[in-house]
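Throughout, protein chains are lettered first and strands after them, A, B, ... in sequence-line order, and every chain is numbered starting at 1.
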2 protein chains.
Amino acid sequence: MTSQQVRASARGRPEVTSHGAIEQAAFALFAERGFAGTTLNAIAERVGVGRRTLFRYYQSKNDIPWGQFDRTLDHFRALLDQQPDDVPVHAGVHRAVVEFNRFPSGARPSHRERMRLILTTPELQAHSVLRYAEWRRVIAEHVARRTGAQPDDLMPQVAGHVSLALSLAAYEAWLAHPEETHADGLLDLIDRAMTGLRTYLEA
Amino acid sequence: MTSQQVRASARGRPEVTSHGAIEQAAFALFAERGFAGTTLNAIAERVGVGRRTLFRYYQSKNDIPWGQFDRTLDHFRALLDQQPDDVPVHAGVHRAVVEFNRFPSGARPSHRERMRLILTTPELQAHSVLRYAEWRRVIAEHVARRTGAQPDDLMPQVAGHVSLALSLAAYEAWLAHPEETHADGLLDLIDRAMTGLRTYLEA
DNA sequence: AGATTTATTGCCCTTGGTGCCATTAATGTG
DNA sequence: CACATTAATGGCACCAAGGGCAATAAATCT
């Protein structure tokens, strides 16, 4: 990936590795031996760094596959904010969600590789809820602002939960058929999940 | 709770404890020291049993708060099956979901206590996804059967995911205001989550 | 009583994760 | 250049969850 947090000043001992380097090493090992079969020691060794140092870059082993997800949340917030006021709230949210999932194709590990690992590995599936919670919060806050409610009120929360539900269903479908390597299939599936919900509720 | 799996025969050494006894001890400790602050050793000690034995009753520490959730899934399946054919699929699912959450009030630990722990403790929040997956599967299978689709198709999956989304939003709201100790508030909130979704999508 | 069955539990080991802190490698200042 | 300062590295000791294994205990069956 690009790089790590821009350090405030160049003083002190420079960082000896980067998030990107760690992720590359980690994903290579995950592919070889699986997630559970890869120890932090093995990753540290391959990166050429002490095990203890890994914890300065990631809070836990489970956090490695997510990379710097938290950074992307600012982007998501911006996407929501730039939705025009004259479209219905739900439509704006939906559009922002779709846009949010448009990922650059050059990334390593690829978005698909990341998500495949995350959504197929039970430990990671579980751990991801904590990431999702922050993401949902962003939606709840947006919906609350647009509707004059509080973020913790039922409707904003429902909007967050349901948006996540649709995204997850779309991701699982995306990963299910192996042909669709390009991200377009994913965005399309998010749309289809939404229309799926509408027909489900109307039928 | 009532008891453990009915043993096939009465042969062999009898079980020295029960799921119920373990849960009681565990919840007492969780209340005292918190979930993370309670070691399996402490639980084993209070139950009066070896630590190793706990693993014969629960797969992991995280599984203790859920009790025998898997058992209730059969009940859920039955609730879905008994929905009349002439109501729309989504309505039947919704009704079954509501009914599923009507819990006996005499249980120890109480349903509310359980859910409060589960939904407030990050480790448990995460772990619960795995439980939810089975629950969602039940819905997806039902919807698939009723609509002539496959359980892994997009719409049934969306139905499962969205039903879960509504339930979680309702549970969180339920736990948010402390007055509503009786389960009725919960069932009502599930209804309100559903109408919340409808107004969100129509506005 | 002895064979059989089944649950308990202790022992040992691996792994993730944390606290602590000495060490290292850079930049700044006199 | 020497030396203070700053900040990252990584070793060490330790804890807790979890799993494999095997000995043992407590019941029933013949």
Side-chain donor or acceptor of A:H75 paired with backbone N/O of A:R71 under 3.5 Å: no
Qualifying salt bridge (Lys or Arg N to Asp or Glu O under 4.0 Å) pairs with a residue from residues 25-39 of chain A, counting only residues at least two apart or across chains: A:E32-A:R46
Below 4.0 Å: OP1/OP2 of C:dT8 and any side-chain N or O of B:Y57: yes
Closest listed nucleotide, where the reference is the side chain of B:R56 and the choices are D:dA17, D:dT9, C:dA7: C:dA7
Distance in angstrom units between B:F55 CZ and D:dA16 P, rounded: 13 Å
Residue pair A:E23, A:Y58: steps toward the side-chain hydrogen bond (donor to acceptor under 3.5 Å, both in side chains) verdict: CA-CA 10 Å; A:E23 281 165 40; A:Y58 295 95; 2.4 Å; yes
Paired and unpaired positions of DNA chain C as dot-bracket, Watson-Crick or G-U wobble under 3.5 Å, | denoting a partner strand: ||||||||||||||||||||||||||||||
Length of the CD1-P vector between B:I64 and D:dA16, whole Å: 15 Å
Length of the line joining B:N62:CG and D:dA16:P, which is rounded to integer Å: 16 Å
Value in whole Å for how far the C1' atom of C:dG16 lies from CG of A:L124: 14 Å
Nucleotide C:dG17, atom P - distance to NZ of A:K61 in whole Å: 8 Å
Atom-pair distance (CG on A:L54; P on C:dG17), nearest Å: 11 Å
side-chain contact (heavy atoms from CB on, under 4.5 Å) evaluation trace for B:I43 with B:R51: CA-CA 8 Å; B:I43 299 174; B:R51 186 182 77 108; over 6 Å; no
Residue pairs involving residues 118-134 of chain A (criterion salt bridge (Lys or Arg N to Asp or Glu O under 4.0 Å); sequence neighbours excluded): A:D63-A:R131, A:R131-A:E134
Polar atom pairs between nucleotides 25-28 of chain D and protein, under 3.5 Å, N or O only, would you list them?
from: D:dA25; atom 1: O4'; to: B:R13; atom 2: NH1; distance (Å): 3.4

Could you tabulate the donor-acceptor pairs under 3.5 Å formed by side-chain atoms of residues 152-167 of chain A, not counting sequence neighbours?
from: A:D152; atom 1: OD1; to: A:R137; atom 2: NH1; distance (Å): 3.2
from: A:D153; atom 1: OD2; to: A:Q150; atom 2: N; distance (Å): 2.9
from: A:Q157; atom 1: NE2; to: A:P151; atom 2: O; distance (Å): 2.8
from: A:H161; atom 1: NE2; to: A:R136; atom 2: NH1; distance (Å): 3.1
from: A:H161; atom 1: NE2; to: B:E172; atom 2: OE1; distance (Å): 3.1
from: A:S163; atom 1: OG; to: A:A159; atom 2: O; distance (Å): 2.8
from: A:S167; atom 1: OG; to: A:S163; atom 2: O; distance (Å): 3.0

Residues in contact with DNA chain D, drawn from residues 29-53 of chain B - heavy-atom cutoff 4.0 Å: B:T38, B:T39, B:L40, B:R51, B:R52
